[in-house]
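Take a look at the structure set out below.
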Amino acid sequence: MTTWNIDTPKTEYYDHTSRDLQNFVNEVTAAKLKSIDTETTGLCIWKDIPLYWSLAFGERRATLHASALPYFTDAFNDPTTRWVLARAKYDAHILANVGIELKGQLADVQVMHSLLFCERSHRLKDICQHLFGWRWMDFQDTFGKIGKLQTAEQLIRKAEAHDMSMLAEYAANDAWGTLACYHELKSQLEQAPTHSLFRDIAPYIRTLWDLYEKVEMPYTKVLWFTERNGIQINKAYLDSISPTAVAEIQATEREIYKLAGRAFNPRSPAQLHQYFFEEKKYTAVKFNKVGKTGVRNKSVDSSVLEVWASHDPMAALLLKHREYTKLHGTYIVGLAEHADQFDRIHTTLNQDIARTGRLSSADPNLQNVPGAENDKWKLRGAFVARPGHKLIVADYKQLEMRLLACASLDPDMISVIERGWDIHMGSAAMIFGKPYEDIVAAKKRPHAQLTDYDKECLADRAAAKTIGFGLIYGMGTKKLANSLHCTVKEAQSKIDQFLATYKAVDAFKDEAIKEAMATGYAFTIMGRRRDLPEIASHRNDERASGERKARNTPIQGSAADVVKMAQINLYKANLHGRYNCIPVLQVHDEIIHECPDEAVPEAMAEIQDWMEHPFVIDLAVALEVDIKAGNSWYEAK
DNA sequence: TTAGCGGGCGCG
DNA sequence: AAAGCGCGCCCGCTAA
């Protein structure tokens, strides 16, 4: 198989001994727009290093040996260069692992592609095929499988001994393809009209290129810096609770076997089926969603086990077993395995995965670490600051609800917020006609002293909160009734009361659907747009799903925009240079910094200020941030 | 052995 | 018939 199905310029090759290297260095340094890619020892962003690397600029393409890297210092240090990459943060890490920082801009073609085609794959090979119909063999097809027997490094060593020209061609293809994608995607982004969800932002964002250049491109650098910093963990603590957890799990298993009268695997849904549905003849409480196979399976998830647990100790034991094995496998063992030599964890914050524009976190996922409610072993206490430092944890108060108020301009919802009321308690007061103070008082009172009226107040607040979120998500009455433990009729009447109180919110949800119908897209504050073809589907279930996305995406996506802008502004404000205060994590509506003790007050004030004013113009509703410093994530929350 | 899927469940 | 948005990881299971 040929490597390409198109013609390309000849691939140049250099290493540190090449006689014409200096000429090439000069030309590379002069080119201000260029793509770069690395062939590495592996996929670890804090450990692996480049073996070969490739460049493309203008009509040239080259593969270089890692030994040539030191000759390009001026190019790497040039702040005016725009580096074009595919999976930019990864290559930037690999280069940083040998002391090279790309000081210019980082443009990532995968992120560019995701703004236009969020439903498609953003792997370089797939983008090239999608945009140009180009194909070339991928790494594993060219060199062999990476697995237990062969590492990436061994494959490259084999290739360089066997057929160096094939290796050079392969490496240069990636840089060449990346640069070609950049030009094409820039042109498509410039021709993609969009608009801000909010009038005041509209003049700044006219095309998706504006969104890319003003938000996503600078954000890539912020995320790279955040990943690079990593977050400190107390590995000794995790290691110390692991045996405890194992012992608890084993004890639970022994109880399970005793009760069942035999040994079976409590982790296996199939064996749970056998036990509950065939031996005990239980009837199904609920069914799983139909997947590809179209089979409706009886569920044995925690909500089902909870129903059974009231009369069946086995269900209670299994719930306990699930909780403990989840915590142990995913977090206690899982997290410790990811620590670097300084006990810091470097997650990957994906910028091109979530359809709404949110980040996703992987390897490991640090955005799903249990909160206080599910944190039996205080796992958030294992995320710490270095000695002499504090973690500063800042999170938005009800960001999505405030953005709903902004988007709908609902005067009553806005007035609740402007009075400084807790939004859910305020909603409960407005909707159900109770004095706000009564609800506040009920919330404060110890559980044992609650009067019936207090309980009613708390139920009203819970209802207002659930309806508020449910509205954003498009929850149905059945689901609402389920989570409020009331009848469908009562749930419907509560929704009616909510929407009668917040009339503009009611209108917004219809407007959002109407706009998506008219344009085919859902839009956010910064003009991100999500293609929603299913909004016009003739299939009712598909269309309903499209409608839920149409009203959710503007809110969830705008919340993502807000946090991104805050992070970009904070990076520009240079807290790292001025205070050694560094960003270490983002969890959707929460930003975590690590800060030297002496700079904590100043840094906190600046973080709060930038988070509350993320745009050049303030929104119709103030944004509020809770901020706290402590020795660990647990302490500072 | 590995890859892919489904079930289950952690977060916002 | 089912009807909540957005993610990633662990485990069991099956197919290759």
Side-chain angles (χ1 to χ4, degrees), chain A residues 118 140 145-149 264-273 286-305 318-319 321-335 337-338 347-350 353-376 379-380 395-396 398-400 466-467 469-483 488 512 522 530 539-557 559-560 563 585-590:
Chain A
C118 75
Q140 301 207 13
K145 282 241 180 197
I146 301 175
K148 281 259 156 64
L149 301 173
F264 72 96
N265 186 350
R267 295 166 182 81
S268 162
Q271 294 184 40
L272 261 51
H273 271 87
K286 74 170 195 179
F287 291 87
N288 289 316
K289 276 200 187 126
V290 286
K292 283 188 177 174
T293 52
V295 183
R296 286 170 78 244
N297 285 316
K298 297 168 186 162
S299 172
V300 286
D301 72 12
S302 62
S303 71
V304 173
L305 291 179
L318 288 167
L319 281 167
H321 190 268
R322 287 242 178 102
E323 184 192 338
Y324 292 177
T325 51
K326 173 91 181 175
L327 289 174
H328 184 252
T330 307
Y331 303 108
I332 299 173
V333 176
L335 286 178
E337 281 173 356
H338 280 91
T347 184
T348 295
L349 296 164
N350 293 303
I353 300 277
R355 309 306 194 253
T356 54
R358 269 192 178 182
L359 296 180
S360 85
S361 161
D363 303 315
N365 182 356
L366 294 186
Q367 291 182 325
N368 73 344
V369 177
E373 192 111 315
N374 296 302
D375 200 2
K376 181 182 162 70
L379 292 171
R380 289 198 177 197
D395 62 295
Y396 285 97
Q398 306 125 354
L399 179 55
E400 293 194 345
T466 309
I467 296 169
F469 281 113
L471 208 73
I472 296 171
Y473 298 149
M475 194 196 301
T477 49
K478 211 179 136 186
K479 181 89 180 179
L480 180 66
N482 206 314
S483 45
V488 172
R530 178 181 183 180
R539 277 185 47 181
N540 290 333
D541 54 349
E542 253 179 29
R543 195 176 59 252
S545 165
E547 290 174 353
R548 289 194 295 273
K549 290 171 189 164
R551 64 168 103 160
N552 176 259
T553 300
I555 303 300
Q556 187 181 124
V563 182
L585 194 59
Q586 186 253 45
V587 190
H588 305 307
D589 64 352
E590 174 175 344

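Chain identifiers are assigned alphabetically (A, B, ...) following the order of the sequence lines, protein sequences preceding nucleic acid strands; residue numbering begins at 1 within each chain.
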Exercise. Reckon A:Lys478 touches a base, only the sugar-phosphate, or nothing at all at heavy-atom distances under 4.0 Å?
Worked result: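 Result for A:Lys478 = nothing.
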Exercise. So what does A:Arg543 hit on the nucleic acid, given a heavy-atom distance under 4.0 Å: a base, only sugar-phosphate, or nothing?
Worked result: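 Touches nothing.
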Exercise. Does the side chain of A:Ser361 come under 3.5 Å of the side chain of A:Thr347 through a donor N or O and an acceptor N or O?
Worked result: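 The criterion, which ignores hydrogens and geometry beyond distance, is satisfied for A:Thr347 and A:Ser361.
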For the pair made of [atom1] in [X] and [atom2] in [N], what is the distance, rounded to whole Å?
{"X": "A:Glu373", "N": "B:dG12", "atom1": "CD", "atom2": "P", "answer": "10 Å"}
{"X": "A:Leu319", "N": "B:dC9", "atom1": "CG", "atom2": "P", "answer": "8 Å"}
{"X": "A:His588", "N": "C:dG6", "atom1": "NE2", "atom2": "C1'", "answer": "7 Å"}
{"X": "A:Glu547", "N": "C:dA3", "atom1": "CD", "atom2": "P", "answer": "17 Å"}
{"X": "A:Asn288", "N": "C:dA2", "atom1": "CG", "atom2": "C1'", "answer": "13 Å"}
{"X": "A:Phe469", "N": "C:dC5", "atom1": "CZ", "atom2": "P", "answer": "15 Å"}
{"X": "A:Phe287", "N": "B:dG8", "atom1": "CZ", "atom2": "C1'", "answer": "17 Å"}
{"X": "A:Lys286", "N": "C:dA3", "atom1": "NZ", "atom2": "C1'", "answer": "13 Å"}

Problem set entry | No-H, no-angle donor-acceptor pair, A:Arg358 side chain to B:dG12 base, under 3.5 Å |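 Indeed, a donor on one side and an acceptor on the other fall under 3.5 Å apart.
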Please name all residues satisfying salt bridge (Lys or Arg N to Asp or Glu O under 4.0 Å) with [X], sequence neighbours left out, ordered by chain then number.
{"X": "A:Asp363", "answer": "none"}
{"X": "A:Arg358", "answer": "A:Glu400"}
{"X": "A:Asp301", "answer": "A:Lys286"}

For this session: Between B:dG10, C:dA3, C:dG6, spot the one nearest the side chain of A:Arg548, thanks.
Result: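 Selected nucleotide: C:dA3.
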Problem set entry | Selection from B:dG8, B:dG12, B:dG10 that lies nearest to any side-chain heavy atom of A:Asn374 |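 For the A:Asn374 side chain, the nearest candidate turns out to be B:dG10.
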For this session: Using ring-ring contact (aromatic ring centres under 6.0 Å, His included) as the criterion, list what pairs up with A:Tyr324, not counting sequence neighbours.
Result: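 By the ring-ring contact (aromatic ring centres under 6.0 Å, His included) rule, A:Tyr324 matches A:Trp377.
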For this session: Report the residues that fulfil ring-ring contact (aromatic ring centres under 6.0 Å, His included) with A:His328, sequence neighbours left out, ordered by chain and then residue number.
Result: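 Scan of A:His328 (ring-ring contact (aromatic ring centres under 6.0 Å, His included), adjacent residues dropped) gives none.
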Problem set entry | salt bridge (charged side-chain N to carboxylate O under 4.0 Å, His left out) contacts touching residues 321-331 of chain A (sequence neighbours left out) |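 Found none.
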Exercise. Given the P atoms of C:dA2 and B:dG7, what is the spacing between them in whole Å?
Worked result: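 These two P atoms come out 14 Å apart once rounded.
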For this session: Tell me whether the OP1 or OP2 atom of C:dC5 has a side-chain N or O from A:Arg551 closer than 4.0 Å.
Result: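 Checking C:dC5 against A:Arg551, no side-chain N or O comes under 4.0 Å of OP1 or OP2.
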Problem set entry | Side-chain (A:Asp589) to main-chain (A:Leu399) donor-acceptor, under 3.5 angstrom |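 Answer holds: no.
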For this session: Give the B/S/- string for nucleotides 7-16 of chain C, one per nucleotide from 5' to 3', where a protein heavy atom under 4.0 Å of the base yields B, of only the sugar-phosphate yields S, and otherwise -.
Result: SBSSSSS---
For this session: Kindly express the pairing pattern of DNA chain C in dot-bracket notation, using | wherever a base pairs with another strand and counting only Watson-Crick or G-U pairs under 3.5 Å.
Result: ....||||||||||||
For this session: Over all heavy atoms of both residues, which pair between A:Arg543 and A:Asn540 is shortest? Give the atoms and the distance, please.
Result: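 In terms of heavy atoms, the two residues are closest at NH2-OD1, 2.8 Å.
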Exercise. With A:Arg355, which residues qualify under side-chain hydrogen bond (donor to acceptor under 3.5 Å, both in side chains), at least two apart?
Worked result: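 A:Glu119.
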